Amino acid sequence: MRLIAGIAAFLAISACETAPPAPSLAPEKVVEQFMWNYTATWNKHDSAAIARDFYRMGASVPEQTASLEKGFVNLRAQGYHHSDIREIKACITSGDTAWAGMKFSRLTEAGVPLPPKDRASSYELKKFADGWRITKLMGGDASKPLACPVS
């Protein structure tokens with residue numbers, strides 16, 4: 001019985017050693033996933049988590065949290081509940097910088113879009129020791145396709 005258990009353990013270890021490595025995501029896909037995670041946190045109106053885990057725009061985390069919370073208060077006063085993302089595109093612009101574009105609508109709790117229905121934003125990101133962070137947020141033109149900036 002011990003021999004069979006030993007052989008089974010040996011085969012399991014051998015299989016792990018010869019199995020191909022798990023595929024890693026392309027850098028652009030990592031940035032896209034970061035933006036999807038950002039949106040999920042945004043839709044929770046979690047100002048502290050956004051400031052801590054997604055933004056690096058100069059202000060301290062407490063200052064950025066306060067600024068975000070003021071923004072959410074303003075949005076909720078307009079009837080805002082959550083954003084519906086239609087498209088995210090990301091591209092690496094250098095070894096440690098990226099650009100992301102997003103097309104979305106801001107919706108009420110009933111799912112009615114706040115005007116304008118179609119919106120777009122673009123983001124500059126930088127890779128820090130603790131991961132990707134948004135360093136700049138800009139408006140966009142929802143009528144145009146999302147396209148990586150030309151250097």
Side-chain angles (χ1 to χ4, degrees), residues 12-151:
I13 291 169
S14 296
C16 290
E17 291 176 354
T18 59
S24 59
L25 292 176
E28 295 84 5
K29 295 296 180 190
V30 172
V31 173
E32 280 183 27
Q33 186 58 56
F34 175 84
M35 295 306 294
W36 282 109
N37 295 345
Y38 163 68
T39 301
T41 305
W42 179 273
N43 281 341
K44 293 176 187 173
H45 305 192
D46 191 342
S47 300
I50 294 168
R52 181 188 65 238
D53 300 334
F54 296 94
Y55 283 0
R56 191 77 49 87
M57 292 194 270
S60 69
V61 171
E63 290 169 324
Q64 189 67 65
T65 300
S67 176
L68 282 160
E69 191 50 44
K70 285 180 188 176
F72 280 124
V73 166
N74 182 40
L75 286 170
R76 286 189 292 262
Q78 298 172 49
Y80 176 77
H81 183 264
H82 68 282
S83 293
D84 179 40
I85 307 305
R86 286 189 303 285
E87 182 181 0
I88 294 176
K89 181 173 181 68
C91 47
I92 303 301
T93 53
S94 76
D96 66 349
T97 62
W99 173 91
M102 188 183 305
K103 288 190 176 187
F104 61 98
S105 292
R106 289 183 175 160
L107 304 177
T108 65
E109 190 169 7
V112 177
L114 296 173
K117 177 185 174 284
D118 298 319
R119 298 170 181 257
S121 291
S122 63
Y123 306 80
E124 290 179 4
L125 299 95
K126 181 173 179 164
K127 190 172 190 180
F128 292 89
D130 55 349
W132 287 102
R133 297 294 184 263
I134 296 167
T135 57
K136 188 174 183 182
L137 170 62
M138 299 145 300
D141 186 342
S143 69
K144 295 183 179 177
L146 295 177
C148 294
V150 178
S151 42

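Treat the numbers as computed from the prediction; the structure is a model and nothing was measured. Excluded from the calculations below are hydrogen atoms, water molecules and symmetry mates; all remaining heavy atoms, backbone and side chain alike, are included.
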Which value, rounded to the nearest 0.5 Å, describes the distance between Asp96 atom CG and Leu125 atom CG? 11.0 Å
Nearest heavy atoms of Tyr80 and Asn43, plus distance in Å: OH-OD1, 3.5 Å
For residues Cys91 and Pro149, report the shortest heavy-atom separation together with the two atoms involved. SG-CD, 3.8 Å
Heavy-atom side-chain contact between Gln33 and Trp132 under 4.5 Å: no
Hey, does Thr39 have a side-chain heavy atom less than 4.5 Å from the side chain of Met102? yes
Do the side chains of Leu107 and His81 get nearer than 4.5 Å, heavy atoms only? no
Taking C-beta and beyond as the side chain, do Arg106 and Gln78 meet within less than 4.5 Å on heavy atoms? no
From Thr97, Ile134, Thr135, Leu137, residue fulfilling side-chain contact (heavy atoms from CB on, under 4.5 Å) relative to Glu124: Thr135
Quick check: closest heavy atoms across Ile92 and Ala98, and the distance to 0.1 Å? CD1-CB, 4.1 Å
What's the spacing between Lys136 NZ and Tyr123 OH if we round to 0.5 Å? 14.0 Å
Taking the side chain as C-beta and beyond, is there a heavy-atom pair between Phe34 and Arg133 under 4.5 Å? yes
With no hydrogens and no angle check, is any side-chain donor or acceptor of Lys103 less than 3.5 Å from a backbone partner on Lys144? yes
Check the angle between the aromatic planes of Trp42 and Phe72 and answer parallel, tilted or perpendicular using the 30° and 60° thresholds. tilted
Would Ile85 and Met35 count as a side-chain contact (heavy atoms from CB on, under 4.5 Å) here? Give the steps. CA-CA 10 Å; Ile85 307 305; Met35 295 306 294; over 6 Å; no
Between Thr65 (side chain) and Val61 (backbone), is there a donor-acceptor pair under 3.5 Å? yes
Taken to the nearest 0.5 Å, the spacing of Thr93 OG1 from Lys126 NZ works out to 11.0 Å
Specify the closest pair of heavy atoms between Ser121 and Phe104, including all atoms of both residues, with the distance to one decimal. OG-CE2, 3.5 Å
Do Val31 and Lys127 have side chains that get closer than 4.5 Å, going by heavy atoms? no
Mind checking whether Asp118 and Arg86 have side chains closer than 4.5 Å, heavy atoms only? yes
Under the side chain to side chain donor-acceptor pair (under 3.5 Å) definition, can you give me all pairs with a residue in residues 47-56, not counting sequence neighbours? Tyr38-Tyr55, Ser47-Glu69, Arg56-Asp130
Using atom types as modelled and distance alone, determine if a side-chain donor or acceptor of Thr41 lies under 3.5 Å from a backbone N or O of Ile50. no
